[in-house]
Amino acid sequence: MTGQTTAPPPAPAEATPSEEEPTGRLARLARLQALQIIIVLAVIVIAFAVIKPGSFLTVFNIRGIVQDTSILAVLGVGMTLVIVTGGIDLSVGSVLVFSAVVADKAMAAMGGQGWGAALVGALVAVACGLGWGLVNGILIARAKVPPLIVTLGTLGMALGLAEVITGGVDLRDVPTVMVNTVGFGNIVWQIPTLAVIAAVIIAIGIVLLHRTRFGLHTYALGSNPEAGRRSGLNVPRHLVMVYALSGLLAGFAGWLNLAFFQSTTIGGQSTTNLSVIAGTVIGGTSLFGGYGSILGTTIGLFIPSTLQNGFVIIGIQPFWQQVVVGAVLIAAVYVDQQRRAAALRGGGKPRMSGLLNRMTSMSQATPARE
Amino acid sequence: MDGPLLQLRGIGKNFGPVQALSGIDLDIPAGQVTALVGDNGAGKSTLIKTISGIWEPSHGEIIWQGQRAHFKTPRDATDAGIATVYQDLALCDNLDIVQNMLLGHEVRHGLLLDEVTMETTAKQTLSDLRVTTVRNIRQTVGSLSGGQRQAVAVAKAVMLDAKLVIMDEPTAALGVSQTALVLDLIGRLARRGIGVMLISHNLVDVFQVADRLAVLYLGGLVSTGPVSEYDTASAVDLMTTGASRRTGQADNGARIPDSGREG
């Protein structure tokens, strides 16, 4: 392997760019993890379908599951980016509520039930979310306060301010056009508009994370910020941008939430952050940073909502959903840690790459590290 | 090549009352490997950090390609063409070789990364350096051996048009075959006209690859000259006591007249 360095033909033996997608291994790794989680989801779906074929596998029911997951999936895009940097954002649920409250106030002030008010509401919600995201990012990246503490703080602040503004009573000034199209409408047939909006955001997120410089830097910082710094990246600025994006998406999710529930749901978002984090981690994003995919997160988020829905249908108390999701979450982190430990021990490839190699039949021989 | 690539004139560095370096005069020529050796605490790391812009010298001046230079940040030094490969390499294990090499210098096609050009650039640099042991440049760096990681870090430095590559203990963590790989790479850098500054504890490696030797002792430069003027024993004497009876003189030992290594 080593030493025959005098041989003039310089081409690295099999380093041909024959792979169809040059992002290569990273993308494949993400895809593999997404694949595993798809299998878990498929098992759950098949189980419910076998037990109650008549009521679970109906268009109406599937549509309900998709709709329930859409808002969480929008939050999941931002959360995945944050967790890939090695951070966490606990504030998403509160930022969602705060943005919904301010957007509701703005729409009420404008009056009317048309698109004008709805669009203003969307802009206001996005701006509020962006504001909170910037607060998070600046405190984390510039003031160097740990993300857990900063976002725990803004979790309380955003929710508290939302309650101050409303006196603790939910607002319901949502233009009807927004409810009827975004909230409950279908774009075609039985495909909810809400889900299509979420899908567009997910698609943009996937391109951003896997195909752009921004995404590459996000992965780099999650693995080794010092390497980023020495390569000339502006590490603090990048972190601010990542948290700002997470906040922005939480603000937009607040607007979607208004459309769906026709209410600011002040009391109803206390565990939203945990649901999103659980979905993200179940979907293969490592809490230690550096690894993760938005597709995985999206599928990971379907597991809790499918379980919830299925338990109701087969007549098990839906509270069991929380028990099962908790167990799945712990199992997912356990598996992640085992992979890391194996990578450190063997000095070989991180994560599932042994299996990965067999599946992709590349890099047949990689010498063990000395 | 007219004049040395890098000239240090009277470089000194104080940390409060502690004088870590004093009166360092050293020339680093292009196309040669200059080994900087010394015992622990002799000031090797301080000296390379001063050159690579981590901190500015307290005294003296750095003359880079004939002009006085002030490197206030590592970026200044990198932009000028001085690349430092630290012992910890600072690579991202989760990224592949191409992504690591082009991190911070990505090629874009519109908003998206131009993966094909990036891959071609990385592959070209690796093949210029004859790094042939890497089978797939889309492997994650975490899956590489120590020597391969070192090669990637060096290739990254060279790709940015470095004229001087400073390597801090590049073979410290490596086994025999991996060390051979890295030493070979160092030699090839020099043959390409790049100046190499090699910091090493390992005199075997130093004598194998270096053209010139510079010995630090307690923050001062006690001896410098072509490597042919030294042997292991005299180098060890200089490193541990600051003088060597075996070479007869401690300063600027241009002593052996028939030295063929001057260049």
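- Applying side-chain contact (heavy atoms from CB on, under 4.5 Å) to A/S223 and the options B/L91, B/N94, B/T140 leaves one that passes, B/N94.
- If you take CD1 on B/I54 and CZ on A/R230, they are separated by 6.5 Å, rounding to the nearest 0.5 Å.
- Of the inter-residue distances, the one linking B/R75 atom CZ with A/R229 atom CZ reads 14.0 Å to the nearest 0.5 angstrom.
- When all heavy atoms of B/G104 and A/H217 are compared, the closest pair comes out as N-NE2, 4.1 Å.
- For A/R237, the CZ atom counts as loosely surrounded, since its 6.0 Å shell holds 12 or fewer non-hydrogen atoms of other residues, nucleotides or ligands.
- For B/K156 against A/S231, the heavy-atom pair with the smallest separation is NZ-OG, 2.7 Å.
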Requested in this report: Please assess B/L113 against A/R211 for the test side chain to side chain contact (heavy atoms under 4.5 Å, CB included), listing each intermediate value before the final yes or no.
Outcome: CA-CA 6 Å; B/L113 291 173; A/R211 288 282 180 274; over 6 Å; no
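- Side-chain atoms of A/N224 do not come within 3.5 Å of backbone N or O of B/A90 as any donor-acceptor pair.
- Contact of B/L103 with chain A is made through backbone and side chain together, with heavy-atom distances under 4.5 Å.
- From A/L216, atom CG reaches atom CZ of B/R108 across 11.5 Å, with rounding to the nearest 0.5 Å.
- Enclosure of atom NE2 in B/H109 is not indicated, since only 12 or fewer non-hydrogen atoms of other residues, nucleotides or ligands lie within 6.0 angstrom.
- Distance OH/A/Y291 to CG/B/D93: 6.5 Å, rounded to 0.5 Å.
- Within the 4.5 angstrom heavy-atom criterion, atoms from both the backbone and the side chain of B/L112 approach chain A.
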